[in-house]
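Within every chain, numbering begins at 1; the chains are lettered A, B, ... in the order of the sequence lines, protein sequences first and strands thereafter. Both backbone and side-chain heavy atoms feed into the values below; hydrogens, waters and symmetry mates do not.
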Protein chains: 2
Amino acid sequence: MARNKRHVEQKIKKEEIELVAMQLLKEQGYDNTSMAKIAKAAGVAPNTIYWYYENKDDVLIAVLNRVVAQAMVAVLALQNEPLKERVLKLIEQVESAGSLMTDVHSRVSHSNTVKEWHDRFHSMVEQLSISEMIRAGLDKSEAALDAKMLIYVIEGLLAHPHDLAERDLIVSQALKRIFN
Amino acid sequence: MARNKRHVEQKIKKEEIELVAMQLLKEQGYDNTSMAKIAKAAGVAPNTIYWYYENKDDVLIAVLNRVVAQAMVAVLALQNEPLKERVLKLIEQVESAGSLMTDVHSRVSHSNTVKEWHDRFHSMVEQLSISEMIRAGLDKSEAALDAKMLIYVIEGLLAHPHDLAERDLIVSQALKRIFN
DNA sequence: ATCTATTCTTGAATGGCATTCAAGATAGCG
DNA sequence: CGCTATCTTGAATGCCATTCAAGAATAGAT
């Protein structure tokens, strides 16, 4: 039952589809990226995608994982920079994914898989944010609340257009308010 | 060319459709509420709705205006209560509209009309929020930034599920941070 | 080299959706 | 009574995600 080569090719094809899907989803958003569009761009028949993925939301999740991994790398590279810089980098990274994050929020109510991904992602970010708060000297009892606040401010910045300067101002203000 | 009675009946029918649409949209969200569903619930043919509204997003906007008007009444009734109570009331009101506000954000990228409604709504809320901040003794130069922060925290609370106690805690913390 | 079972691909449905169109019904007015 | 503006509808149209059944390709067994 060995099937070596096949498995390798599988990975490659899946990766191709994922890369194409990532580009389209980032550029045109979830609703404007039909399975047919992805298929055409990947050079396969629309239903071929269904051999590799359960459904469209599954493709979305695969793409999200790539986007998040990329963003994490970019942000973790700034390990020693001040918090503000890292927050701004995070926003910049996620913003480069276009409306993908907003799309996630709107798919949460349709797809349980997406909801689970979203919840896991949120608690991960929350944990990270809380340790930042504590590391920066905040009282443990308040760190969780402040972390949530900061995350919501970031989400607000992502959901609504802001130029760089304004974004910088708002993040600065938020951090100033949190750390007195 | 007089056409008195007709105009009256028009208003009534439009109102009927709007009420039905409001209930469905609030309960089931934008995507799970098809025009056919609204039509059936209103006892008309699907395409009849198109005589009264340009398209589905137009129906959404009519419903949004109703929802916002209702919320404004409820919040303004608490004119003399502390800010925190009014914020909590606002959240409670908007939350009673189910996923409608999230739906708005996801329609913004599809429909220019919805985008315009959203932008107008946002600047209205922002103005209100800024005057609250100033009224509460905040420095004018910072009021705008703090107002945005508060709005984003509220949006975060609306977009993600929280029980009453947690919501209360987060709002309290946000206000505490803003007002030292 | 041939056969077989698995893996992969596809053309052609299916059912749902928003929206449009052209034909018909209704009702106020001359 | 007939004319015109208003209102309603059945029947398209075209797009979408998803499914199905049939076919092509291939790794390994004989």
Notebook entry, point to check: Tracing side-chain links under 4.5 Å among I, L, V, M, F, W and Y, which residues wind up in one group with A:L76?
Noted result: none
Next item on the list: Please examine the side chains of B:M72 and B:V68, heavy atoms only from C-beta on, and report whether any two atoms are closer than 4.5 Å.
Entry: yes
Notebook entry, point to check: Nearest-Å distance, CG (A:N55) to P (C:dG15)?
Noted result: 20 Å
Next item on the list: Between D:dA17, D:dT9, C:dC17, spot the one nearest the side chain of A:K56, thanks.
Entry: D:dA17
Checklist line | Nucleotide C:dT14, atom C1' - distance to OH of A:Y50 in whole Å | finding: 13 Å
Checklist line | Interatomic distance, A:K37 NZ vs D:dC16 P [rounded to whole Å] | finding: 7 Å
Next item on the list: Have a look at A:T48 and say if it touches a base, only the backbone sugar-phosphate, or nothing, with a 4.0 Å heavy-atom cut-off.
Entry: base
Check: Nearest-Å distance, CG (B:D57) to P (C:dC17)?
Finding: 16 Å
Next item on the list: Would you mind reading off the distance between B:H110 atom NE2 and D:dC16 atom P, rounded to a whole angstrom?
Entry: 11 Å
Item checked: Atom-to-atom span, CD1 of B:I38 to P of C:dT19 - whole angstrom -> 10 Å
Item checked: Length of the line joining A:K40:NZ and D:dC15:C1', which is rounded to integer Å -> 14 Å
Checklist line | Short side-chain N/O contact to C:dT9 OP1/OP2 from A:K13, under 4.0 Å | finding: yes
Next item on the list: Using salt bridge (charged side-chain N to carboxylate O under 4.0 Å, His left out) as the criterion, list what pairs up with B:D103, not counting sequence neighbours.
Entry: none
Margin query: How many whole angstroms separate atom CE of A:M35 from atom P of C:dT14?
Written below: 21 Å
Next item on the list: Could you tell me whether the phosphate oxygens of D:dT8, OP1 or OP2, come under 4.0 Å of any side-chain nitrogen or oxygen in B:Y52?
Entry: yes
Check: Crowded around A:E85 CD? As in, over 12 foreign heavy atoms under 6.0 Å?
Finding: yes
